[in-house]
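Here is the structure we will look at.
Counting starts at 1 for both ligands and their atoms, in listed order. We use all heavy atoms of the structure for the numbers below, so side chains are in, but hydrogens, waters and symmetry mates are not.
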Amino acid sequence: MIKVGVLGAKGKMGAQTCLAVEEAADCELVARLDQGDELDELTAAGAEVVVDFTRPEVVMDNLAWCIEHGINAVVGTTGFDEERLATLRSQLAGSPSTGVLIAPNFSIGAVLMMQFAAKAAPYYESVEIVELHHPDKVDAPSGTARRTAELIADARREAGSKPIPDATTTALDGARGADVDGIRVHGVRLRGLIAHQEVLLGDEGETLTIRHDSMARTSFMAGVLLGVRRIGSTPGLTVGLEHFMDLS
Ligand SMILES: NC(=O)c1ccc[n+]([C@@H]2O[C@H](COP(=O)([O-])OP(=O)(O)OC[C@H]3O[C@@H](n4cnc5c(N)ncnc54)[C@H](O)[C@@H]3O)[C@@H](O)[C@H]2O)c1
Ligand SMILES: O=C(O)C1=N[C@H](C(=O)O)CCC1
């Protein structure tokens, strides 16, 4: 049995994760913590893996504590940039048997959407991303959109693609979205939505749209459990659930 603790257990994703862990035959939910609880409860409960669905402003402190105490972490919380990842790598160097998975999106379909988009991107002159989420989301662009843009930009750099054409010289602030690594990302916040993304690709005479929709938070749970099962045997930093999937 894998002993699992959940951080952010009273939140939308944390609560769903507690249910999924309780239902998994090979996992035991040993701690459910939220804001104000002491992280020491994790060691007292013998947690081997912590799942973090908290907030971008607190996740780094949680991870520093987990790494210091040799507890593996599976992280869905957003807000990771290169600087944060570098900090984690250096913290993990001091605890070589500990693993941390940062997964911008745990939905298997969303991971596939990101991979398909990166594969397609070098074949098209234009690429833009539209992410659509529930209006209670605190960060924009979404972690998924940022990661998709980075994967697309890497693929285009590797292929020697030209910069994306855009003749805009006059624009209202924000009208062309955010620039993430040279890729335009547009955010929609709408009641009724959960998590959705379109990658729009265009060239002379054709367009390709790759769209993924999470219609319920249960869609993230297979990926969370995959992370929980694999992280104990994957020391160091892993970014992206695709590394735990056989996509070759
Ligand atoms: N990777 C994915 O697949 C995925 C999917 C959905 C959401 N997310 C991300 O997960 C995060 C949480 O999303 P949500 O919709 O559940 O948010 P939420 O606001 O519903 O839940 C966050 C919870 O964290 C708690 N919290 C805040 N500070 C804490 C601390 N220091 N220690 C413990 N708990 C603390 C809050 O009280 C709250 O209960 C966001 O960053 C979101 O973007 C990722
Ligand atoms: O609901 C959220 O918040 C989500 N956050 C992640 C992101 O920012 O990409 C994953 C999708 C849902």
Side-chain angles (χ1 to χ4, degrees), residues 5-20 31-42 47 50-66 71 73-81 84 100-114 117 129-151 178 180 185-199 211-228 231 238-245:
V6 175
L7 287 177
K10 290 184 182 164
K12 292 180 281 300
M13 287 299 293
Q16 193 73 59
T17 299
C18 289
L19 288 175
R32 45 173 99 208
L33 273 55
D34 206 277
Q35 194 162 20
D37 294 331
E38 291 295 328
L39 292 175
D40 286 343
E41 288 182 38
L42 294 166
V50 161
V51 180
D52 188 301
F53 278 112
T54 57
R55 295 227 164 196
E57 63 271 23
V58 300
V59 65
M60 287 302 281
D61 286 346
N62 291 342
L63 291 179
W65 189 94
C66 288
I71 301 179
V74 168
V75 184
T77 308
T78 46
F80 286 89
D81 54 15
R84 282 185 167 208
V100 172
L101 167 66
I102 306 291
N105 200 310
F106 283 107
S107 146
I108 302 296
V111 174
L112 292 174
M113 173 263 295
M114 290 189 257
I129 297 171
V130 184
E131 55 98 332
L132 311 91
H133 284 82
H134 59 91
D136 304 318
K137 184 165 177 57
V138 295
D139 57 318
S142 71
T144 307
R146 275 175 188 262
R147 179 73 179 148
T148 311
E150 287 163 7
L151 291 171
V180 181
V185 179
H186 311 267
V188 175
R189 295 292 174 266
L190 202 69
R191 186 65 72 201
L193 298 182
I194 300 268
H196 316 256
Q197 182 166 295
E198 284 189 358
V199 182
R211 180 173 172 118
H212 176 262
D213 297 276
S214 271
M215 265 94 67
R217 291 188 173 81
T218 43
S219 64
F220 302 109
M221 293 303 123
V224 170
L225 291 176
L226 176 61
V228 165
I231 196 63
T238 303
V239 181
L241 190 68
E242 62 272 21
H243 298 291
F244 290 175
M245 295 162 65

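- Given atom 12 (C) of ligand 1, the protein heavy atom at minimum distance is Thr54 O, 3.2 Å.
- Counting protein heavy atoms only, atom 21 (O) of ligand 1 is closest to Gly11 CA, 3.3 Å.
- Residues Thr77 and Pro56 meet the side-chain proximity criterion, which asks for heavy atoms closer than 4.5 Å.
- The shortest N/O to N/O separation between Gly76 and ligand 1 falls below 3.5 Å.
- With a 4.0 Å heavy-atom cut-off, ligand 1 is reached by the backbone of Ala103 but not by any atom from C-beta on.
- For the pair Phe80 and Val239, the minimum side-chain heavy-atom distance is 4.5 Å or more.
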Is there a side-chain contact (heavy atoms from CB on, under 4.5 Å) between Leu101 and Leu241 once you walk through the steps?
-> CA-CA 8 Å; Leu101 167 66; Leu241 190 68; 4.1 Å; yes

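- For atom 9 (O) of ligand 2, the nearest non-hydrogen atom of the protein is Thr144 OG1, 2.5 Å.
- Between atom 15 (O) of ligand 1 and the options His133, Lys12, Arg32, the minimum heavy-atom separation is to Lys12.
- When non-hydrogen atoms are compared, ligand 2 lies under 4.0 Å from the side chain of Thr78 (C-beta onward) but not from its backbone.
- With rounding to the nearest 0.5 Å, the separation of NE2 in His212 from CG in Asn105 is 7.0 Å.
- For atom 34 (N) of ligand 1, the nearest protein heavy atom (residue, atom name, distance) is Gln35 N, 3.2 Å.
- At a 4.0 Å heavy-atom cut-off, ligand 2 touches Ala195 through the side chain alone.
- The nearest protein atom to atom 5 (N) of ligand 2, hydrogens excluded, is given as Lys137 NZ, 3.2 Å; this is a heavy-atom distance.
- The backbone and the side chain of Phe106 each have at least one atom closer than 4.0 Å to an atom of ligand 1 (non-hydrogen atoms only).
- If you check which protein heavy atom lies closest to atom 19 (O) of ligand 1, you get Arg55 NH2, 3.5 Å.
- With Glu131 as reference, Arg189 is the one residue of Lys137, Arg189, Arg146 to meet the side chain to side chain donor-acceptor pair (under 3.5 Å) rule.
- At a 4.0 Å cut-off, at least one heavy atom of Lys137 sits close enough to ligand 1 to count as contact.
- Contact of the Leu132 side chain with the Gln197 side chain is not registered, since no non-hydrogen atoms from C-beta on lie closer than 4.5 Å.
- Set against the non-hydrogen atoms of Val58, the atoms of ligand 1 under 4.0 Å away are 28 (N), 29 (C), 30 (C), 31 (N).
- Between Leu7 and ligand 1, a contact under 3.5 Å exists for no N or O pair.
- Under 4.0 angstrom from ligand 2, the non-hydrogen atoms of Pro104 all belong to its backbone.
- Of the heavy atoms in Thr78, both backbone and side-chain atoms come closer than 4.0 Å to ligand 1.
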Give the C-alpha distance, both sets of side-chain angles, the deciding distance and a yes or no for side-chain contact (heavy atoms from CB on, under 4.5 Å) between His134 and His196.
-> CA-CA 9 Å; His134 59 91; His196 316 256; over 6 Å; no

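- Looking from atom 1 (O) of ligand 2 to the surrounding protein, the closest heavy atom is His134 NE2, 2.8 Å.
- Of the protein's heavy atoms, Phe53 CE2, 3.7 Å lies nearest to atom 4 (C) of ligand 1.
- Of the protein's heavy atoms, Gly143 N, 3.4 Å lies nearest to atom 7 (C) of ligand 2.
- Looking at Ala110 against ligand 1, nothing comes within 4.0 Å, counting heavy atoms.
- Note: Leu226 CG to Phe106 CZ = 9.0 Å, rounded to the nearest 0.5 Å.
- Of the polar atoms of Leu33, none of the N or O atoms is found under 3.5 Å from an N or O of ligand 1, judged by distance alone.
- Ligand 1 has no nitrogen or oxygen under 3.5 angstrom from a nitrogen or oxygen of Ser107.
- Shown in contact with Asn105 at under 4.0 Å from a heavy atom are these atoms of ligand 1, numbered in order with element: 1 (N), 2 (C), 3 (O).
- Glu242 and Arg147 are joined by a salt bridge, as a carboxylate oxygen and a charged side-chain nitrogen come within less than 4.0 angstrom of each other.
- Here the side chains of Leu63 and Ile102 are in contact, with some heavy-atom distance below 4.5 Å.
- Within ligand 2, counting atoms from 1 as listed, the ones closer than 4.0 Å to a heavy atom of Ser142 are 7 (C), 8 (O), 9 (O).
- Across every non-hydrogen atom of Thr78 and Asp139, the tightest pair is OG1-OD2, 2.8 Å.
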Which is it for Arg32 and Asp34 under the salt bridge (charged side-chain N to carboxylate O under 4.0 Å, His left out) test, yes or no, and what are the steps along the way?
-> CA-CA 7 Å; Arg32 45 173 99 208; Asp34 206 277; over 6 Å; no

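- In this structure, Ile194 CD1 and Phe220 CZ are separated by 7.5 Å, a value rounded to the nearest 0.5 Å.
- Here His133 has side-chain heavy atoms under 4.0 Å from ligand 2, and that is the only part of it that gets that close.
- Atom OG of residue Ser214 and atom CD1 of residue Ile108 lie 10.5 Å apart, to the nearest 0.5 angstrom.
- Within the 4.5 Å cutoff, the side chain of His133 has no heavy atoms near those of the Leu193 side chain.
- A heavy-atom distance below 4.5 Å is not found between the side chains of Gln35 and Arg55.
- Among Met13, Glu38, Lys10, the residue whose heavy atom lies nearest to atom 14 (P) of ligand 1 is Met13.
- Remark: side-chain polar atoms of Asp213 are not paired, donor with acceptor, to backbone N or O of Met215 under 3.5 angstrom.
- The N/O atoms of Asp34, backbone and side chain alike, include one that comes under 3.5 Å of an N/O atom in ligand 1.
- Ligand 2 has no N or O atom lying under 3.5 Å from any N or O atom of Arg217, backbone or side chain.
- Ligand 2 has no N or O atom lying under 3.5 Å from any N or O atom of Ile194, backbone or side chain.
- For Arg217, no nitrogen or oxygen atom sits less than 3.5 Å from a nitrogen or oxygen atom of ligand 1, counting backbone and side chain alike.
- One finds the CD1 atom of Ile129 at 9.0 Å from the NE2 atom of His186 (value rounded to the nearest 0.5 Å).
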